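Notes for the one structure printed next.
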Amino acid sequence: MKIDLHIHTNFSDGQPTYKEVIDKAKELRMDCIAITDHFDNYDPSPHIRKIGDDELIEFYEKIKSYAELKEQKVLCGIETCTDFKGDLRISDRVYQASEIIITSVHYVEYNEELVQGEYYNDKYWEAFKQKLLNMAGSEGHVQGHPEGYLPINPLIKPGTTTYEERKALCREISVRYLDNIYLEELAERFLLSNKAYELHGATGTPRESVVELMTSKGVKFSIGSDAHILDWIGKNQLGEEMINKYKGSLFRSFR
Ligand SMILES: [Zn+2]
Ligand SMILES: [Zn+2]
């Protein structure tokens with residue numbers, strides 16, 4: 001079973017067109033992919049453009065007709081950040097039209113002062129943890145990269161870290177703040193909402209111990225590369241290994 005349920009195109013901040021993504025999926029013989037562009041009109045990042053409902057739904061229709069032509073199974077969906085309480089901020093129409101909704105903590109509502117370079121700000125990370133709990137227990141199908149791409153940008157002086165350094169930093173923050181007591185509470189929220197925990201290809205997260213804990217609690221998983229370029233599509237080695245090793249179940253069947 002080869003799936004990749006988290007892919008971006010140039011409809012948001014990815015490089016390839018949806019046609020290139022579908023062609024690539026076909027070439028890789030993927031059983032199912034999901035095109036999940038950013039759709040979040042509250043995102044403070046200048047890289048995330050604002051998209052209207054009509055434009056999104058027209059995009060879904062284009063994806064579906066090309067996927068049908070190519071006989072490739074493609075789910076149409078979005079990746080979005082919720083408000084602090086975990087509530088989605090999309091219309092019913094978008095909700096109904098989306099086959100997969102990934103919620104990710106891309107930013108945290110936090111009004112106190114942050115010092116750039118001081119990464120271990122306990123109060124900030126406590127706020128993050130609360131938002132992640134709220135989101136995990138709320139609407140949407142998949143929780144995107146719970147231990148990868150943490151919202152570290154407000155703590156970093158622009159241009160001072162490489163991609164690999166930021167990844168390492170996220171790992172250290174996960175080890176420091178996302179302990180077992182917290183993770184057990186997180187698992188409870190996932191069970192309550194029936195949302196899936198994403199095994200994230202781009203960052204190779206979460207830690208193996210987290211997969212083990214989530215599996216033992218009965219939490220379901222999703223597998224997504226978070227590809228922004230063609231070459232990243234289907235790069236989900238760690239997730240696939242983890243699913244096999246711990247007999248983890250995926251949040252929906254892909255037959
Ligand atoms: Zn994301
Ligand atoms: Zn993404």
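For the single chain, residues carry numbers from 1 onward in sequence order. Counting starts at 1 for both ligands and their atoms, in listed order. None of these values were measured; they are calculated from a predicted model. Every heavy atom of this structure was used, including side-chain atoms; hydrogens, water molecules and symmetry mates were not.
Taking the six-membered ring where tryptophan is involved, the planes of His38 and His228 are tilted, since the angle between them lies from 30° to 60°. Ring pair Phe11/Phe59 is parallel by interplanar angle, where below 30° counts as parallel and above 60° as perpendicular.
Protein N/O/S atoms closer than 2.8 Å to the Zn ion (ligand 2), listed by chain and residue number, are His6 NE2, His8 NE2, Glu79 OE1, Asp226 OD1.
In this structure, Tyr149 has its ring center under 6.0 Å from that of His200.
Salt bridge absent: Lys195 and Glu139 never bring a charged side-chain N and a carboxylate O closer than 4.0 Å.
Under the 6.0 Å distance and 45° angle rule, Lys129 counts as a cation-pi partner of Tyr182. With a 6.0 Å cutoff to the six-membered ring centre and a 45° limit on the axis angle, Lys19 counts as a cation-pi contact of Tyr66.
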